[in-house]
Amino acid sequence: MTDLSDLAASDLLAMFRTRETSPTEVWADVERRIAAWEPSIAALWAYDPESARADAGTATQRWAKGAPKGPLDGVPVTIKELIATKGTPIPNGTAATTLVPAPEDAPPAARLREDGAIIFAKTTCPDYGMLSSGLSSFHKLSRNPWDVRLNPGGSSAGAGAAAAAGFGPLHLGTDIGGSIRIPAGLTGTVGLKPSYGRVPIDPTYIGRVAGPMTRTVADTALMMATLSRPDVRDPTGLPPSAIDWSDLTLDPKGLRIGVMEAAGCGLPVDPDVSATLAGCARALEEAGAVVEPVPGLLTRAMLDGFDRFFRARFWATMSALPDEKRALVLPYIREWATGAATLTATDVVEAFDQIQAIKAAAAAPFARFDAILSPMNPQASWPAEWASPLDDPARPFEHIAFTLPWNVGEQPAISVNGGFTETGLPVGVQIVGPRYADGFVLKLAALLTHAVDAEPRWASLHPPAA
């Protein structure tokens, strides 16, 4: 029998309508799941089960009257701790932060709450969200439910771990260089980086987006219908769209799919990952798409420019901290940021010029292709204790060459599970579409997941014995 914790939000909502189950019963099951898994994976912060029980009871009463608050009424959801929720501090993943309760919900949290979702916890991230890891100077070390010795990825580390462990069906992450898609790829879940501006967010920054992390493409689409509503606090927000998020049908015949087997620079791709990508490309071709190779678009100069610019940004942050606070920042982050201490203004401007070059390069493939298919991560795993696959602050971004171009280029990109390694670990693949084609990317993701039949068997995951 399938646990309620393992059901998709779309299934739970259908069961609420028919009274087959209730938000109270669902929350009780999720609470048991958290009790079993959380000691091993440390995915949550500011966990509030008492408030969730009360909210679930109220939602149950609304459903009993046939008057739900909104389309997500009674569905449990987590929010990455970088996203403000009223009354809860924002640690930014670092012990250097002075904890002050947030005065209001940020736009994504506000939309979810308006639609009746039960926000019961924040999820962990590394210091300032700048690692592809669950390593943090503030939070406990977050781990991957597929193997707790391994990394869940980051920076939406807790969100990926929570989604894989079944801490409810809906989770909200953020992504500035791969922070939604990297953990989704490592945990077998679905992670969407929407087009820049599609989901209003506050504060904004170059390439920074918020997006869903779920177990299914359908649940990702369900969240997008809520998250994409406009909010005047985001000056980069897109106009309201006419996307029908519930429509995931797509005829693949004649679609032009570019397969990017190598990123152009960065880490080489592991054989298991390459084999998974090849299998997904064959599945799309057999479905009627035209599949052709496309070269990687990132150069060494582009990746190094991205690195220098963000080092400079964080060196400014580090420099503004008192000495006693700076000493609390994760040593890896301190060492990485200190590398910008000798950069000149000219160096920083030249680094920003490379970011502009990435933006131009990311747009170019869509003159020829409808979508790009690539590996999600070059590797399927690395140790939980490492800050990155190389664990080297001198080379921090070698593993994000497949992800960061689309943040800079502002295209929608999604990670879905495409297969498994020989040892049974999930292997994510990435689908990228032209700017603003979020609905199309979701449709193609739904088609691919059906074609390859690589959805993880979630019921087979069990917490380690105490």
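When a residue number appears, it is its place in the shown sequence, counting from 1.
Expressed to the nearest 0.5 Å, how far CG of Leu330 lies from OG of Ser136 amounts to 7.0 Å. From Ser415, atom OG reaches atom CE of Met376 across 5.0 Å, with rounding to the nearest 0.5 Å. Annotation: the span from Asp307 atom CG to Phe397 atom CZ amounts to 5.5 Å, rounded to 0.5 Å. With rounding to the nearest 0.5 angstrom, the NE2 atom of His462 is 13.5 Å from the OG atom of Ser40. Rounding to the nearest 0.5 Å places OG1 of Thr78 at 9.5 Å from CD1 of Ile119. Here Leu13 contributes atom CG and Leu72 contributes atom CG; the two are 6.5 Å apart, rounded to the nearest 0.5 Å.
Not a single donor-acceptor pair under 3.5 Å links the side chain of Tyr128 to the backbone N or O of Asn92.
A donor-acceptor pair shorter than 3.5 Å cannot be found between the side chains of Thr123 and Lys80. Under 3.5 Å, the side chains of Asp347 and Thr344 contain a donor-acceptor pair of N or O atoms. A donor-acceptor contact closer than 3.5 angstrom links the side chains of Thr124 and Ser142.
Taking the centre of each ring, Phe314 and Phe310 stay at or above the 6.0 Å mark. For Trp45 and Phe138, the ring centers are positioned less than 6.0 Å apart.
The side chain to side chain donor-acceptor pair (under 3.5 Å) search around Thr98 returns Lys325, not counting sequence neighbours.
Heavy-atom neighbours of Glu398 CD from other residues, nucleotides or ligands within 6.0 Å: above the threshold of 12.
Ion pairing of Arg395 with Asp392 is absent here, as no side-chain N (NZ or NE/NH1/NH2) approaches a carboxylate O to less than 4.0 Å. Asp127 and Arg334 are not joined by a salt bridge, as no carboxylate oxygen comes within less than 4.0 angstrom of a charged side-chain nitrogen. For Arg300 and Asp304, the salt-bridge test passes: some basic side-chain N is under 4.0 Å from an acidic carboxylate O.
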